[in-house]
Amino acid sequence: MILLSSIGAINGIYFKTLNKQNKLMNRQIIMMIFNIIFNYLLIPVYGPSGAMISVVISSFISFILYDLIDKDCREINKLKLSIFKIRRR
C-alpha cells in the first residue's frame with residue numbers, strides 16, 4: 001500500500017506541474033467509483049479484508065491502468081514503471 005501511495009504522490013506532483021489537475025480529478029473519480037463497486041461486492045463476503053482488497057484493486061486501476069488508457073498520461077506511466085526495472089551491473 002505504501003508503494004501505491006508513493007505512486008499517487010508522483011502523479012499529483014506531475015499533473016500539478018503540467019497544469020493538468022483535471023486528469024488528477026478524473027483519476028480520483030474513477031478510483032472512487034471502482035472502490036464503491038468493489039466494496040459492495042467484497043465486504044459482505046470478506047469483511048474488513050474485502051475493504052482492503054477493494055482499495056488495492058481500485059488504486060491499481062487508478063494509478064496504472066488509467067495511464068495506459070489516457071494518451072496524455074502515458075509519459076508518467078513510463079516513469080512509474082521504470083521504478084520497477086532491475087538494473088544490471
Side-chain angles (χ1 to χ4, degrees):
M1 195 63 191
I2 293 171
L3 179 63
L4 290 175
S5 297
S6 300
I7 291 173
I10 292 170
N11 284 330
I13 293 168
Y14 180 81
F15 289 125
K16 287 176 187 174
T17 303
L18 296 178
N19 200 23
K20 294 187 178 188
Q21 289 89 350
N22 61 337
K23 299 286 183 186
L24 196 56
M25 182 185 68
N26 291 342
R27 171 175 291 160
Q28 294 301 321
I29 290 171
I30 289 171
M31 183 174 167
M32 179 186 66
I33 291 169
F34 276 106
N35 198 13
I36 290 169
I37 292 169
F38 287 126
N39 277 335
Y40 180 76
L41 296 173
L42 296 176
I43 289 177
V45 177
Y46 298 107
S49 296
M52 179 192 65
I53 294 168
S54 172
V55 169
V56 170
I57 292 172
S58 59
S59 296
F60 176 78
I61 290 170
S62 173
F63 295 145
I64 304 297
L65 296 181
Y66 181 84
D67 293 341
L68 293 174
I69 295 169
D70 190 345
K71 64 180 180 177
D72 292 335
C73 299
R74 290 189 183 136
E75 189 64 35
I76 185 69
N77 198 38
K78 290 178 189 175
L79 178 65
K80 288 187 298 189
L81 292 177
S82 70
I83 295 170
F84 299 109
K85 288 184 181 177
I86 298 173
R87 297 183 184 196
R88 295 182 187 196
R89 295 178 187 214

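If you're wondering where the values come from, they're calculated on a predicted model, not measured in any experiment.
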Query raised in the report: side-chain contact (heavy atoms from CB on, under 4.5 Å) with Phe38: which of Ile53, Val56, Ile61?
Result: Ile61

May I have the list of side-chain donor-acceptor pairs in residues 39-46 shorter than 3.5 Å, sequence neighbours left out?
{"from": "Asn39", "atom 1": "OD1", "to": "Ser54", "atom 2": "OG", "distance (Å)": "3.1"}
{"from": "Asn39", "atom 1": "ND2", "to": "Asn35", "atom 2": "O", "distance (Å)": "3.2"}
{"from": "Asn39", "atom 1": "ND2", "to": "Asn35", "atom 2": "OD1", "distance (Å)": "3.4"}

Query raised in the report: Does a sphere of radius 6.0 Å around CZ in Phe34 hold more than 12 heavy atoms from other residues, nucleotides or ligands, not counting ones at 6.0 Å or beyond?
Result: no

Report task. Verify, without hydrogens or angle tests, whether Ser59 (side chain) and Val55 (backbone) share a donor-acceptor contact under 3.5 angstrom. Result -> yes

Requested in this report: Sequence neighbours left out, what passes side chain to side chain contact (heavy atoms under 4.5 Å, CB included) with Gln28? Give chain and number order.
Outcome: Met31

Query raised in the report: Can you name the residues that form a side chain to side chain contact (heavy atoms under 4.5 Å, CB included) with Ile33, not counting sequence neighbours?
Result: Ile29, Ile37

